[in-house]
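Structure first, then comments.
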Amino acid sequence: MITLNNLHFSYGKKPLFTDLKLDVPSGNIYGLLGMNGAGKTTLLKLIAGQLFRKSGEAQVLGFDPVKRHPAMLSDIFYLPEEFYLPNMSIATYLKLNVPFYPKFDQNAFDRYISEFALDTSQKISDFSYGQKKKFLLSFGLASNTSLLILDEPTNGLDIPSKTQFRRTVASALTEERTFIISTHQVRDMENLIDPIIILHDGVIIFNASLEDVSESIATTLELDEPQGADVIYSEKVPGGYSVVRKDPDGTFDSGVDLETLFNAVIASPNSFKGGVK
Amino acid sequence: MITLNNLHFSYGKKPLFTDLKLDVPSGNIYGLLGMNGAGKTTLLKLIAGQLFRKSGEAQVLGFDPVKRHPAMLSDIFYLPEEFYLPNMSIATYLKLNVPFYPKFDQNAFDRYISEFALDTSQKISDFSYGQKKKFLLSFGLASNTSLLILDEPTNGLDIPSKTQFRRTVASALTEERTFIISTHQVRDMENLIDPIIILHDGVIIFNASLEDVSESIATTLELDEPQGADVIYSEKVPGGYSVVRKDPDGTFDSGVDLETLFNAVIASPNSFKGGVK
Amino acid sequence: MRNILLLLKKQVYEDKKGLIIYASVVFGLILIPNLVMGFFGKLPSSQDDMGYLGLFGNLLFAGGFIMVSITYAQEMYSKVKQHAWLMLPVHAHEKLIAKVIYHAIIYPLVLLIFIFASSVIIEGLNAVLFSSSTPFLDMTDLAVWKMILNYLILQSVFLLGATYFKSANFVKTVLSVMVVSIVLSIILALIARVVYAPYAQVMFHGGISIDETTFIMNTNAMNLLETYEVIGKTIYWALLAPFCLVVSYFRIREVEAKDAV
Amino acid sequence: MRNILLLLKKQVYEDKKGLIIYASVVFGLILIPNLVMGFFGKLPSSQDDMGYLGLFGNLLFAGGFIMVSITYAQEMYSKVKQHAWLMLPVHAHEKLIAKVIYHAIIYPLVLLIFIFASSVIIEGLNAVLFSSSTPFLDMTDLAVWKMILNYLILQSVFLLGATYFKSANFVKTVLSVMVVSIVLSIILALIARVVYAPYAQVMFHGGISIDETTFIMNTNAMNLLETYEVIGKTIYWALLAPFCLVVSYFRIREVEAKDAV
């Protein structure tokens with residue numbers, strides 16, 4: 001689906017990516033995590049053909065993204081953080097934009113729109129930011145594109161909408177579709193994003209499924225400051241310590257807390273299966 | 001600190017607030033929650049004097065906000081979701097803006113800036129969105145204004161920054177200062193915001209401290225569908241049911257999960273102490 | 001007073017880059033054609049300094065009106081910048097006064113000095129390179145100060161337009177002025193027809209016999225005309241700018257977050 | 001082809017509101033002064049229809065250039081709208097062709113019909129109200145079609161400016177054209193000096209004795225002048241527009257997310 005190799009990219013003279021590698025097979029909801037300025041949005045734009053790499057190889061859906069071939073673009077839906085919607089009704093918007101997406105499914109669109117409780121009689125430019133996001137998401141999901149890139153999709157959504165978002169995206173996943181969700185709100189994404197990709201200092205320092213991770217480690221909440229050789233990472237939180245321990249035998253039967261995992265990976269990436277130096 | 005009474009407000013003909021009441025004493029970090037379109041930002045703007053009420057009374061820091069008296073404005077810091085920073089260095093920005101805030105504390109500012117790891121040699125317009133937010137927050141905290149209004153402050157902040165944000169805001173709270181934080185990211189705010197104000201359909205349906213709430217109810221995670229008369233609210237979540245139960249005797253010794261509380265209050269506001277019909 | 005000075009300082013710092021670009025473009029636009037004409041030996045004769053005066057007038061009026069129009073559109077009515085405008089702890093009248101001083105007093109004076117300095121540099125160059133000697137811009141010329149006085153009045157109209165209209169205020173101001181002028185001239189023409197009808201009848205149909213009555217009536221008509229002129233001048237020189245300022249003040253005081261576009 | 005039609009449809013829908021405002025303002029600006037002049041009995045004489053032709057020319061050139069400038073600034077280089085521009089599943093050349101058809105072909109024709117229709121309505125009104133009878137805009141006038149042909153060429157220059165400059169493209173295009181013209185005229189003047197120096201010497205210093213050589217040389221000079229004219233016309237009519245189109249195409253193909261301002 002997506003293969004990046006030896007990718008170099010820089011804004012001006014300061015290099016952001018030197019020798020970036022990434023391989024994304026289809027059929028998953030990838031979570032792309034990273035600190036501010038790590039280059040998450042830049043990576044998404046390189047994949048979508050909005051930025052051109054300085055050198056290296058890239059293949060997205062069988063195309064070189066810099067060519068921006070219509071066949072590639074019509075198979076990608078990209079929800080950015082900032083967007084603009086014209087001053088028209090939903091029906092007009094669909095009339096003008098659907099012809100560019102051959103796999104668009106009108107029934108699915110109507111279902112999503114009603115799931116998100118959007119008022120079809122309103123002009124889309126009068127929607128609030130959250131409603132616009134839900135509208136674009138409905139359009140993107142209904143377009144049945146093979147690749148969906150969502151940049152901070154839950155920003156601006158209220159609590160019930162976030163729950164609905166998780167449900168809707170989970171139900172829209174098929175074998176042929178791939179989601180890449182870039183986010184800081186990992187707690188909104190728990191039980192949704194599965195293979196986790198962590199980008200740090202221009203390098204992908206972690207790329208693994210949570211199942212693989214939980215085979216070898218466990219995250220626990222402990223009252224006392226943790227001791228022992230099996231402690232990979234610990235941080236003070238209200239009510240005790242959030243601890244990441246080596247757990248190859250499955251002694252601790254706990255899920256993986258994504259925020260703690262993220263902090264632990266940033267602190268010592270090579271302690272994890274899927275992590276790299 | 002803030003008293004609103006009988007407040008009416010509408011955009012065009014559609015009324016948003018009819019007869020809104022709110023009383024905010026000083027010295028707390030208030031969490032203002034509500035669904036998209038509930039009017040959270042409108043309420044904040046009415047408090048800050050950016051919008052004028054149609055009728056009713058309002059007093060903020062002893063002033064009528066519509067007068068926009070400089071003495072009131074210099075005692076308020078308001079971090080909006082969307083903002084603009086001019087193309088200049090931090091030093092120039094301070095030189096031009098500090099004179100308007102008589103209680104500004106330069107040492108505190110320097111401390112916040114280093115806590116947020118901001119590069120003082122960079123131009124502020126070159127900062128990323130998250131960095132700009134951290135810069136404005138440092139400025140606002142160092143201004144020592146009595147009222148701080150933060151609209152979605154953790155949007156755009158990465159995971160370590162959110163932790164730092166919680167720490168910094170908690171440490172900046174004094175008896176004389178009041179924070180009002182409007183947010184959908186309640187999980188980022190756990191153990192920070194305490195009295196919770198919930199705005200729904202133009203009415204404040206809930207205004208209570210978490211201590212008061214936990215005296216009478218408990219939120220639990222249960223494996224089976226909950227039964228019994230003491231169940232106020234339950235929702236299916238991955239791994240079981242999130243349940244809100246009446247608990248006047250303190251049987252369940254658990255914290256309050258804010259997302260579940262929010263959903264429960266929206267569903268039946270009058271079941272809670274602090275909730276109104 | 002302190003707040004106004006602080007606001008002026010802020011404005012200068014924030015406009016710095018734009019002003020430098022503006023000044024460079026103007027200087028380039030004087031310098032380049034001048035060099036070209038000098039190269040071909042076609043520099044204007046030594047008595048003709050209308051060039052600098054005309055340039056000053058164009059930049060004063062067009063540049064000043066555009067600056068006034070842009071500043072409110074970008075600060076008071078801009079979706080992203082309005083927040084800072086509204087939350088700045090100063091009174092509405094201080095914001096207005098600072099902007100008026102900036103656009104109506106500082107801008108004309110700085111522009112005058114700038115054009116004068118440019119004329120000195122360029123004519124110095126001309127003298128050295130092409131042994132031509134056109135005079136500099138004459139700052140003591142009455143025409144300069146008449147322009148500035150008229151600019152003071154007229155910029156207040158654009159100030160009113162800039163604070164009154166939420167978007168495209170320059171175009172809307174120009175159109176409004178046109179519409180108002182047309183309506184005013186229709187009204188004046190109607191008044192003139194009604195008021196002067198008897199005199200006109202006497203004057204055109206009374207033949208050549210000039211009797212005492214006609215004289216008296218004509219004198220009255222002349223007095224009336226003079227009265228109108230006085231009224232017109234008073235409105236223009238004494239009332240127009242204060243009126244525009246007061247209305248602008250109320251707009252600034254009453255602008256709300258929902259006005260941003 | 002299908003994509004181009006879809007793009008045109010999209011453009012029309014998205015511009016609809018702006019176009020209606022534009023048309024209303026233009027119609028109002030013709031109608032109101034016309035009514036005023038009619039009221040005072042000062043309508044132009046019946047042979048003078050330069051009014052509509054001149055109006056058409058002004059709107060064609062100024063309006064067209066501004067439209068071209070705005071469209072790329074707002075879509076290709078706008079921070080919020082660029083995303084949709086880049087992700088739209090069409091080829092770069094389809095985007096360019098759709099815009100060119102819209103601005104270079106549809107706009108002049110629709111404007112022509114619109115001004116013609118306006119002239120019919122307004123002269124109809126004039127005939128009824130003031131019994132005046134100025135002719136409508138003459139669509140068969142050669143001047144109209146010469147304007148459109150020149151517009152076709154010149155708008156490609158603004159197209160190039162609009163795609164080349166990321167911000168303030170209209171102003172920068174005008175300034176660039178000025179600078180290029182000045183540089184070109186200097187170069188041409190230099191060439192002229194070098195090439196024609198011998199003829200000029202003969203002509204001015206050779207006295208009145210006209211001998212055979214001077215004649216032959218003068219004929220050569222005339223031939224050279226004619227050659228230059230042919231070169232100039234070819235560049236203008238045949239090469240300028242394709243050159244601008246090709247460069248614009250490459251800019252559109254190579255625009256990146258980081259170009260947005």
Side-chain angles (χ1 to χ4, degrees), chain A residues 11-12 33-41 81-82 116-119 126-134 152 154-163 166-167 170 182-188 190-192 198-200 235-239 242 255 258-267, chain B residues 11-12 33-41 81-82 116-119 126-134 152 154-163 166-167 170 182-188 190-192 198-200 235-239 242 255 258-267:
Chain A
Y11 287 109
L33 312 183
M35 287 169 60
N36 289 133
K40 296 189 298 299
T41 301
E81 268 198 270
E82 261 189 290
F116 282 128
L118 292 175
D119 177 1
D126 293 342
F127 281 156
S128 73
Y129 179 74
Q131 289 172 317
K132 283 179 183 166
K133 230 166 189 168
K134 293 184 230 171
E152 292 286 357
T154 57
N155 256 10
L157 296 193
D158 57 28
I159 295 164
S161 302
K162 287 196 277 203
T163 313
R166 275 193 293 269
R167 241 182 257 143
S182 158
T183 190
H184 297 306
Q185 310 295 351
V186 291
R187 284 176 171 167
D188 291 348
E190 247 151 358
N191 304 308
L192 181 68
I198 298 180
L199 188 61
H200 188 61
E235 62 180 23
K236 206 174 171 345
V237 293
S242 228
L258 281 176
E259 282 207 2
T260 312
L261 176 69
F262 177 80
N263 288 334
V265 169
I266 297 285
Chain B
Y11 288 109
L33 312 184
M35 286 169 60
N36 290 134
K40 296 189 298 300
T41 300
E81 268 199 270
E82 259 190 292
F116 282 128
L118 292 175
D119 178 0
D126 293 342
F127 282 155
S128 73
Y129 179 75
Q131 289 172 316
K132 283 179 183 165
K133 230 166 189 170
K134 293 184 231 171
E152 293 286 357
T154 56
N155 257 11
L157 297 192
D158 56 29
I159 294 163
S161 302
K162 286 194 277 201
T163 314
R166 276 193 292 269
R167 244 182 255 143
S182 158
T183 189
H184 297 307
Q185 309 296 348
V186 292
R187 285 176 171 166
D188 292 347
E190 246 150 359
N191 304 307
L192 181 68
I198 297 180
L199 188 61
H200 188 60
E235 61 179 24
K236 204 172 173 346
V237 294
S242 229
L258 282 176
E259 283 208 1
T260 312
L261 177 69
F262 176 81
N263 288 333
V265 170
I266 296 285

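Quick note: numbers below take in every heavy atom, side chains included, and nothing from hydrogens, waters or symmetry partners. Chain identifiers are assigned alphabetically (A, B, ...) following the order of the sequence lines, protein sequences preceding nucleic acid strands; residue numbering begins at 1 within each chain. Predicted, not measured: the structure shown is a model, and the values here were computed from it.
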Contact class of B:Lys133 relative to chain A, heavy atoms under 4.5 angstrom:
neither
Evaluate the criterion side chain to side chain contact (heavy atoms under 4.5 Å, CB included) for residue pair A:Lys162 and A:Arg187; output intermediate values, then yes/no.
CA-CA 11 Å; A:Lys162 287 196 277 203; A:Arg187 284 176 171 167; over 6 Å; no
Would you mind reporting whether A:Leu258 and A:Glu190 have side-chain heavy atoms less than 4.5 Å apart?
yes
Chain B contact via A:Asn36 - which portion, at a heavy-atom distance below 4.5 Å
both
Rounded at 0.5 Å granularity, tell me how far CG in B:Leu192 sits from OG1 in B:Thr183.
10.0 Å
Between NE2 on residue B:His184 and OG on residue A:Ser161, distance to nearest 0.5 Å
8.0 Å
Just give me the residue among A:Gly130, A:Pro160, A:Ala38 that pairs up with chain B most often, heavy atom to heavy atom, under 4.5 Å.
A:Pro160
How long is the span from the CD1 atom in A:Ile198 to the CE atom in A:Met35, to the nearest 0.5 Å?
11.5 Å
Answer with side chain, backbone, both or neither: which region of B:Asn155 has an atom nearer than 4.5 Å to a non-hydrogen atom of chain A?
both
Taking side chain as everything from C-beta outward and backbone as N, CA, C, O, which of these in A:Lys40 sits under 4.5 Å from a heavy atom of chain B? Side chain, backbone, both or neither.
neither
Among A:Leu157, A:Val186, A:Thr163, the residue with the most heavy-atom pairs under 4.5 Å to chain B is A:Leu157
With chain B, the option among A:Gln185, A:Glu81, A:Glu235 that has the most non-hydrogen atom pairs under 4.5 Å is A:Gln185
Quick check: does any side chain N or O of A:Asp158 sit under 3.5 Å from a backbone N or O of B:Gly34, one acting as donor and the other as acceptor?
no
